[in-house]
Amino acid sequence: MPELKDPAIGTTPAAPPTVPDRLRRDQSVAKSLFVGSILEENLFPYPKIRARDREILGSVVEAIDGFLGDKDADFRKWDREAQQPEDFIQGLRDMGLFGLIIPEEQGGLELSNGAYARVLSQTSTHDASVSLTIGAHSSIGMKGLLLYGTDEQKARYLPKLATGEYIAAFCLTESGSGSDAASIRTSAKQNPDGSWTLNGEKIWITNGGIAQVFTVFARTEGAEGKITAFVVEAGWPGVSHGHHEDKMGIRASSTTIVSFADVRVPPENVLGGEGKGFKVAMGILNSGRTGLGGGAVGGMKTLIRLASAQANERRQFGAPIASYGLVREKIAQMTIDCFAAESTVWMLAHYIDSGVEDYATEAAISKVFASDAIQRCGSDALQIAGGNGFMREYPYEQIVRDSRILSIFEGTNEILRLFVGLSGLKDAGKALNELKTAVDDIFNHPIKGFGMLSGYAGQKLTQATGVGRDRIASRLPQELAEAQAIFEKYALELSSASGFMLRKYGKSVVDRQYDLKRLADVAIDLFVGLCTLSRAATLAAEGDANAEQAISIAALFSQQAKRRMAANVRRLTRNEDAGLDALAGFTLERGSYAWDVL
Ligand SMILES: Cc1cc2nc3c(=O)[nH]c(=O)nc-3n(C[C@H](O)[C@H](O)[C@H](O)COP(=O)(O)OP(=O)(O)OC[C@H]3O[C@@H](n4cnc5c(N)ncnc54)[C@H](O)[C@@H]3O)c2cc1C
């Protein structure tokens with residue numbers, strides 16, 4: 001069994017992050033876009049993978065390919081049987097795949113977010129269920145201990161979690177509480193001795209049937225009935241799990257109910273402080289999104305490899321189908337989607353690894369884009385394979401089934417789009433309010449007026465006065481000049497549209513879901529496009545062998561994005577929303593389709 005832990009590598013001191021000094025850790029690129037500002041310091045040049053990560057990843061990727069590379073038939077079998085055999089999970093333990101992000105001093109590999117995402121990308125080129133087993137453990141199961149654990153909690157749990165002796169799971173969802181996570185009913189009541197009694201049932205818990213440690217969210221008394229996170233061990237009296245769910249995809253991974261019946265939790269197992277559970281849950285989910293994004297990119301790379309081989313080999317009408325425009329269009333689109341998703345996921349990882357304070361909006365964008373992209377890719381690859389794509393004998397249908405979950409869990413893409421729209425508007429609103437006060441003040445007390453502006457309002461004002469930061473100053477290749485102009489133009493369009501929405505709807509903007517989705521989609525196209533632009537420009541500056549194609553991808557993405565952004569902005573004022581809403585009302589009230597040709 002290949003072992004990931006190379007002692008020579010294990011002792012390499014963590015290298016300082018290779019971030020440009022000018023990185024603004026106090027600012028969010030995505031939110032800045034809503035005030036028309038392109039936060040160039042955080043975009044250019046495209047970040048390099050750290051030297052230590054590069055060193056470790058070489059051997060890790062090789063070991064993963066060595067271990068998983070010959071198991072295609074097994075993965076197919078385990079998908080049908082809906083299980084991963086224990087000796088295979090033991091193999092994952094032996095390779096150190098449960099200790100990827102745990103500090104070296106606790107026995108882990110201490111990978112950065114970027115390197116961790118790259119590992120999940122590699123496992124996903126082989127099988128999504130494998131990625132989910134190790135990803136749910138690291139990204140969400142034990143992440144709370146890393147982010148919010150006390151020294152004592154870390155010392156107690158992390159060494160066992162690093163070896164995989166303990167596998168972790170994240171228990172938030174309940175039958176009555178999915179997207180609305182704040183409505184959970186699982187309760188924890190404090191006893192006179194300070195311990196807690198936990199009661200409730202969590203559903204669809206990844207690793208539920210194989211985990212020894214759960215991060216559980218429960219409603220606690222006091223602290224205004226807030227939510228608190230607890231570390232709970234599977235072996236404690238009253239903890240049990242249900243049967244392995246029969247799922248559409250990622251079938252081999254374990255998904256079960258986890259129940260808590262009068263479970264006594266010692267006070268020292270409160271995680272992140274009493275009443276702080278919602279913040280803990282959101283912090284875990286935000287910082288875990290690179291794992292999901294990395295996995296999606298790995299899946300897309302497999303789809304591109306399979307589809308390219310199929311297109312080159314399959315002949316129809318006397319020629320390889322790869323010679324036909326409608327097949328080539330799909331191959332090109334898959335390549336654009338994969339490059340764009342990869343550029344975005346690793347930009348996000350760079351923000352997290354570099355200590356950027358607020359990356360929640362970028363994390364949501366990266367999750368939404370990568371999960372949508374792999375589903376487009378899967379559909380196209382399956383189509384290129386024709387009838388074979390539909391057959392279980394071929395891998396396409398499984399990848400399509402496996403990737404479907406990505407837009408549902410860890411926050412549905414609908415909720416995350418609303419989050420992107422609202423978090424951007426919130427800052428734009430703040431900027432507008434400050435701007436209004438400041439502009440009033442400027443006439444009376446000019447110095448005070450300018451002095452009170454926040455970063456965003458300042459940007460807005462400089463923009464309004466023509467000295468804005470809505471231009472990219474970095475020197476980009478000439479071939480990207482048009483792409484640059486598109487993103488600069490639409491950052492301003494997003495800012496104007498946000499201002500319009502805020503003035504027209506005020507606080508009730510939160511209920512304008514059709515419009516929020518449009519704003520979010522513009523922000524997604526802008527942020528993803530800028531990451532893609534930055535990467536292509538940096539590859540060109542470095543003389544990368546495929547820089548020409550990378551530049552072409554960035555240019556193509558910008559043109560496609562321009563059409564989508566133009567439509568989204570236009571449809572804020574000219575749309576069929578009212579008609580659609582009325583029709584939905586009709587069908588929902590009726591509960592069925594109203595017509596028949598009979
Ligand atoms: C295979 C699998 C593994 C999972 N693993 C875990 C795990 O390890 N731990 C865990 O805690 N949970 C897990 N989950 C649960 C998952 O996170 C939830 O399914 C997800 O959060 C969505 O909740 P829901 O299914 O209840 O859907 P709902 O919240 O009921 O949503 C249903 C639909 O309504 C939409 N919707 C809901 N509210 C709104 C709104 N306000 N505006 C617009 N649209 C809305 C949603 O986007 C969705 O399309 C898992 C689920 C699955 C299927």
Side-chain angles (χ1 to χ4, degrees), residues 79 82 84 128-129 131-144 167-186 200-211 213-218 227 229-230 232 234 241-260 277-278 280-286 288-289 291-292 295 364 367-368 371-372 375 401-422 509-518 520 577 580-581 584 588:
D79 170 64
Q84 272 164 346
S129 284
S131 294
L132 196 63
T133 301
I134 56 178
H137 168 85
S138 291
S139 295
I140 53 176
M142 45 134 279
K143 189 52 123 2
I167 292 176
F170 176 86
C171 298
L172 179 62
T173 306
E174 300 174 3
S175 60
S177 167
S179 300
D180 183 10
S183 68
I184 56 169
R185 289 272 152 262
T186 291
E201 186 175 88
K202 301 290 180 175
I203 63 167
W204 302 331
I205 302 308
T206 306
N207 287 347
I210 60 170
V213 172
F214 300 108
T215 300
V216 185
F217 297 87
I227 292 169
F230 297 91
V232 178
H241 67 82
H243 68 83
H244 191 122
E245 299 288 351
D246 188 9
K247 307 188 291 282
M248 168 186 174
I250 46 156
R251 288 173 52 76
S253 68
S254 161
T255 311
T256 69
I257 283 177
V258 178
S259 306
F260 306 95
F278 197 73
V280 169
M282 294 308 129
I284 292 172
L285 288 168
N286 280 331
R289 297 207 197 288
L292 189 150
K367 192 272 192 182
V368 169
S371 58
D372 282 351
Q375 288 176 65
R401 284 189 285 107
D402 284 347
S403 56
R404 186 62 186 83
I405 187 63
L406 297 178
S407 49
I408 298 174
F409 65 12
E410 295 193 23
T412 69
N413 284 12
E414 288 79 13
I415 295 294
L416 291 178
R417 278 193 161 88
L418 295 174
F419 173 76
V420 169
L422 285 172
V509 76
V510 295
D511 300 320
R512 311 250 351 142
Q513 291 204 348
Y514 296 71
D515 291 329
L516 288 170
K517 175 171 182 281
R518 291 180 183 118
D577 296 356
L580 286 171
D581 227 53
L588 285 165

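Note that ligands are numbered from 1 as they come in the structure, with each ligand's atoms numbered from 1 the same way. All residue numbers in this chain count up from 1 along the given sequence.
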Would you mind checking which non-hydrogen protein atom is closest to [atom], with the distance to 0.1 Å?
atom                    : result
atom 3 (C) of ligand 1  : Thr206 OG1, 3.4 Å
atom 22 (C) of ligand 1 : Thr412 CG2, 3.7 Å
atom 14 (N) of ligand 1 : Trp204 O, 3.4 Å
atom 20 (C) of ligand 1 : Ile408 O, 3.6 Å
atom 44 (N) of ligand 1 : Glu414 CB, 4.2 Å
atom 26 (O) of ligand 1 : Gly178 CA, 3.2 Å
atom 9 (N) of ligand 1  : Phe170 O, 2.8 Å
atom 38 (N) of ligand 1 : Ile415 CD1, 3.8 Å

- Query: Less than 4.5 Å apart, any side-chain heavy atom of Lys202 and any of Ile184?
  - Reply: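 Yes - at least one pair of side-chain heavy atoms lies under 4.5 Å apart.
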- Message: I want to check something: taking the side chain as every heavy atom from C-beta on, are Thr206 and Ile140 in contact at a cut-off of under 4.5 Å?
- Response: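 Thr206 does not reach Ile140 side chain to side chain.
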[X]-ligand 1 polar pair, N/O distance under 3.5 Å:
X      : result
Ser179 : yes
Ser177 : no
Ile203 : no
Leu172 : yes
Thr173 : yes

**Asked** At a 4.0 Å threshold, what atoms of ligand 1 neighbour a non-hydrogen atom of Phe409?
**Response**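 Reading through ligand 1 atom by atom, the close ones are 2 (C), 3 (C), 4 (C), 16 (C), 17 (O).
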Atom [atom1] of [X] and atom [atom2] of [Y]: how far apart are they, to the nearest 0.5 Å?
X      : Y      : atom1 : atom2 : result
Ile408 : Ser179 : CD1   : OG    : 10.0 Å
Ser139 : Arg289 : OG    : CZ    : 10.5 Å
Phe409 : Thr173 : CZ    : OG1   : 11.0 Å
Asp577 : Asp515 : CG    : CG    : 6.0 Å
Leu416 : Asn413 : CG    : CG    : 6.0 Å
Lys367 : Phe419 : NZ    : CZ    : 13.0 Å

Legend entry - Donor-acceptor pair between Gln84 and Ser129 side chains, under 3.5 angstrom: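 Absent: no donor and acceptor within the cut-off.
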Return a yes/no value: protein heavy atom under 4.0 Å from [atom]?
atom                    : value
atom 35 (C) of ligand 1 : no
atom 49 (O) of ligand 1 : yes
atom 32 (C) of ligand 1 : no

I need the contact type for [X] against ligand 1. Using non-hydrogen atoms and a strict under-4.0 Å cut-off, is it side chain, backbone, both or neither?
X      : result
Asp180 : neither
Lys247 : side chain
Gln513 : side chain

Is Asn413 in contact with ligand 1, taking contact as a heavy-atom separation below 4.0 Å?
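No; Asn413 lies far enough from ligand 1 that no heavy-atom distance drops under 4.0 Å.
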Next on the checklist: Using a strict threshold of under 4.0 Å (side-chain N to carboxylate O), is an ion pair present between Asp246 and Arg251?
Outcome noted: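 Here Arg251 pairs with Asp246 in a salt bridge, since their nearest N and O are under 4.0 Å apart.
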For atom 2 (C) of ligand 1, which of the options Thr215, Leu416, Val258, Ile405 provides the nearest non-hydrogen atom?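 Looking at heavy atoms only, Ile405 sits closest to atom 2 (C) of ligand 1.
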Pair Phe217, Phe170 - check ring-ring contact (aromatic ring centres under 6.0 Å, His included), show working. CA-CA 9 Å; Phe217 297 87; Phe170 176 86; 5.1 Å; yes
| Which atoms form the tightest heavy-atom contact between Ala211 and Ala168, and what is the distance? |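 The answer is CB-C, 4.1 Å.
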According to side-chain contact (heavy atoms from CB on, under 4.5 Å), who are the partners of Ser175, at least two apart in sequence or on a separate chain?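 side-chain contact (heavy atoms from CB on, under 4.5 Å) check on Ser175 returns Ile203.
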